[in-house]
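Atoms considered below: every heavy atom in the structure, side chains included; atoms not considered: hydrogens, waters and symmetry mates. Everything numeric in this text was worked out from a predicted model, so none of it was measured. Letters A, B, ... mirror the listed sequences (proteins, then strands); counts begin at 1.
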Protein chains: 2
Amino acid sequence: MRKRKNSEKYHRIIKAATKVFAKKGFYPAKISEIAKEAQVADGTIYIYFESKDDILISLFEEQMKTVLENMVAQISKLKDPAEKLEKFALTHLQLIEQNKDIAEIIQVELRQSSKFMKEYKNEQFIQYLDLIGDIVKEGQKKGVFKKDIMPGVAKRAFFGALDEMSRFWVLSSRKRYDIETAAKQISGYFLKGITA
Amino acid sequence: MRKRKNSEKYHRIIKAATKVFAKKGFYPAKISEIAKEAQVADGTIYIYFESKDDILISLFEEQMKTVLENMVAQISKLKDPAEKLEKFALTHLQLIEQNKDIAEIIQVELRQSSKFMKEYKNEQFIQYLDLIGDIVKEGQKKGVFKKDIMPGVAKRAFFGALDEMSRFWVLSSRKRYDIETAAKQISGYFLKGITA
DNA sequence: TTTATATGAATGAACAATCATTCATATAAA
DNA sequence: TTTATATGAATGATTGTTCATTCATATAAA
């Protein structure tokens, strides 16, 4: 019987796997390397996890739970939907900035995951996207956003814009724009458009 | 000495690899499966390609070249920068629609590639992004786009928005919105904003 | 207290399967 | 014949997973 969530070692392995997956990607990452990083024996990993896949799934759920809680805390304080979107952008980019390992995993492995784990629906990620969709709907109800905006398209477009910006940061070691500027630019496009 | 580009078999292998990589991802894809799909022997692949990595790189260059040429042909006809952005969005989404295999590879493997092929800079992809950046700059020069828009941020945000929408389509077999509507929505956000 | 016994977490060497790549050989072309 | 192209079985390195064993700690008996 696996102890899982409560064990200190469980979290040490998650943390190590996050680092190793982020650096090399899922397939090239070796169990032995994760074990070494976590300072446990190879076999110990199989006391806490069923398989290599299971590590990745568990890792998603742990990390996304944190990200989601963080974001909800930030935006629920605000009233104005436009301010909420701005805050969402800033918080998202700050998260990437503060934890590049998580960023790489969300960006690269999240996309992979749908391939090799067909049955695995990333519930947390859907919730994360829906935060944006809900802000849009709220804005429409309050009359501050256009009625003909489709929340299902808008949420993906907004997330995609932030995500692509993040990817650029993660890949290029040096960042060309500061977080606040980028967040303001991106939320600005959505709120006001680029037309003069 | 490899014959490469001119040979009919070369293209058959590229086409087969596109299909197999799209379905399973790069690492889980087997050379033997690509060979079978292309109806050649395993060893034949090594007459035309140096390695599995080389297949992926060649595939990128072939496919992106086509995508790029296509896009340039579409937008160079137009004068108005706003119309160009709209056309870009539509053309991009149509491309995805028409060729999901290429879409999956661009989306998933392109991201992976920067990990396992550190030295490989995807020049074509950079050019593709720059098409957007150039439209933005042109619009600013003509005075139709705001001066304080940062083209380097805007191009990524715009591409990211389209790309995320594409990903959703590729993953969910059934599409909820038609191409024209989605393209209009997304370019609409950027041009006019969502604020009422 | 001291000794004996039980538990199960942790270990890491060994296993078994996978798969990219090679190469001896065959076939077709020049 | 000589050269180029194609084949697919064989190779050998890699690596996820297993499992017999160890060991620290807990519990019970003397």
Side-chain angles (χ1 to χ4, degrees), chain A residues 1-60 105 109 112-113 115-120, chain B residues 1-60 105 109 112-113 115-120:
Chain A
M1 175 62 68
R2 281 166 296 131
K3 279 272 201 53
R4 299 212 128 213
K5 322 261 171 183
N6 34 5
S7 156
E8 184 265 336
K9 223 159 249 182
Y10 172 83
H11 287 105
R12 230 169 60 213
I13 295 169
I14 288 273
K15 199 176 163 192
T18 305
K19 189 168 173 183
V20 176
F21 286 159
K23 197 168 85 197
K24 319 190 63 162
F26 178 75
Y27 280 100
K30 312 286 171 269
I31 291 289
S32 58
E33 201 178 342
I34 296 171
K36 196 180 165 195
E37 179 73 35
Q39 299 189 68
V40 297
D42 294 14
T44 308
I45 289 182
Y46 288 88
I47 296 168
Y48 294 91
F49 299 91
E50 278 171 15
S51 63
K52 196 182 172 187
D53 285 10
D54 185 41
I55 301 174
L56 184 58
I57 295 176
S58 306
L59 185 159
F60 272 146
I105 300 233
E109 307 306 336
Q112 279 287 340
S113 67
K115 260 185 220 310
F116 77 91
M117 306 179 281
K118 286 290 181 198
E119 79 290 353
Y120 175 62
Chain B
M1 175 62 68
R2 284 166 295 131
K3 278 272 201 53
R4 300 214 126 209
K5 322 263 176 185
N6 34 3
S7 157
E8 185 267 334
K9 226 160 246 183
Y10 171 82
H11 288 104
R12 230 167 62 212
I13 295 169
I14 288 273
K15 199 177 163 191
T18 305
K19 190 168 172 184
V20 176
F21 286 160
K23 197 168 88 196
K24 321 192 59 161
F26 178 74
Y27 280 100
K30 313 286 168 268
I31 291 289
S32 58
E33 203 178 340
I34 296 172
K36 196 180 164 194
E37 179 73 34
Q39 300 189 68
V40 297
D42 294 15
T44 307
I45 289 182
Y46 288 87
I47 297 169
Y48 294 90
F49 299 91
E50 279 171 15
S51 63
K52 197 181 171 187
D53 285 10
D54 185 41
I55 301 174
L56 185 57
I57 295 176
S58 306
L59 185 159
F60 273 146
I105 295 204
E109 307 306 335
Q112 280 287 343
S113 67
K115 263 184 217 310
F116 76 92
M117 304 178 283
K118 286 291 181 198
E119 78 289 353
Y120 175 61

Which base, if any, makes a Watson-Crick or G-U wobble pair with C/dA6, both distances under 3.5 Å?
D/dT25

Inter-residue atom distance A/Glu33.CD - A/Ile31.CD1, 0.5 Å rounding:
10.5 Å

Here the distance between atom P of C/dA10 and atom OH of A/Tyr10, to the nearest Å, is 15 Å

Pair assignment for D/dT17, Watson-Crick or G-U wobble, requiring both distances under 3.5 Å:
C/dA14

Among C/dT11, C/dT21, D/dG16, the one nearest any side-chain atom of A/Val40 is C/dT11

Given D/dA6, C/dT21, D/dG16, which nucleotide is nearest the side-chain atoms of B/Tyr48?
D/dA6

Measure from the side chain of B/Ala41, starting at C-beta and using heavy atoms only, and say which of D/dT7, C/dT21, C/dT18 lies closest.
D/dT7

Looking at A/Ile14, A/Ile13, A/Thr18, which one forms a side chain to side chain contact (heavy atoms under 4.5 Å, CB included) with A/Ile34?
A/Ile13

If I take atom OG from residue B/Ser32 and atom CD1 from residue B/Ile45, how far apart are they, to the nearest 0.5 angstrom?
8.5 Å

Closest approach to the side chain of A/Lys9, judged atom by atom: which nucleotide of C/dA10, D/dT17, C/dT18 is it?
C/dA10

Does A/Ala35 reach a base, just sugar-phosphate, or nothing at all? Heavy atoms under 4.0 Å.
nothing

Donor-acceptor contact present, side-chain A/Lys52 to main-chain A/Ala29, <3.5 Å
yes

Out of C/dT11, D/dG8, D/dT7, which has the shortest distance to the side chain of B/Thr44?
D/dT7

Checking contacts here: which listed nucleotide (C/dA10, D/dT18, D/dA6) is nearest the side-chain heavy atoms of A/Ile47?
C/dA10

Testing D/dT15, C/dT21, C/dA9 for proximity to the side chain of A/Lys30, the answer is D/dT15

Calculate the interatomic distance between B/Leu56 atom CG and C/dA20 atom P; express it in whole Å.
13 Å

